[in-house]
Amino acid sequence: MKRLSMLAGGLIMFSTVLTSCRDTTEKETVVREVEVEKKVEEREGILERTAKEVDKEVNKEIDEEIDKIGDDN
């Protein structure tokens, strides 16, 4: 019995040594870069909207002053 257990232990150690020393192949990871174009909608902030309204009012006032002065030709 002692001999059988020694033989079994030896076989287990031998098989462990053989399996642990194998060269393992490593998987190579491939990274691919892909450009994705997204259409970005430009949103106006409160400052831009306010500036447009002020520009409209200023242009209206300038047009009125030009009409008051009249045409010099």
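Hydrogens, waters and symmetry mates are skipped; everything else that's a heavy atom, side chains included, is used.
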Intermediate values then yes/no, salt bridge (Lys or Arg N to Asp or Glu O under 4.0 Å), Glu65 and Lys68: CA-CA 5 Å; Glu65 290 296 321; Lys68 284 182 187 177; 3.7 Å; yes

Check against side chain to side chain contact (heavy atoms under 4.5 Å, CB included), Lys60 and Lys56: CA-CA 6 Å; Lys60 190 184 286 185; Lys56 285 180 187 176; over 6 Å; no

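Under the salt bridge (charged side-chain N to carboxylate O under 4.0 Å, His left out) criterion, Glu37 pairs with no residue at all, not counting sequence neighbours. Taking Lys38 as the reference, nothing meets the salt bridge (charged side-chain N to carboxylate O under 4.0 Å, His left out) condition, with sequence neighbours excluded.
Here the side chains of Leu11 and Met13 are not in contact, with every heavy-atom distance at 4.5 Å or above.
Met6 and Phe14 are not part of a single hydrophobic cluster, where members link through side-chain heavy atoms under 4.5 Å apart.
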Extract all donor-acceptor atom pairs below 3.5 Å that involve side chains of residues 48-55 and protein atoms in other chains or at least two apart in sequence.
residue: Glu48; atom: OE1; partner: Gly45; partner atom: N; Å: 2.9
residue: Thr50; atom: OG1; partner: Ile46; partner atom: O; Å: 2.7
residue: Lys52; atom: NZ; partner: Glu44; partner atom: OE2; Å: 2.4

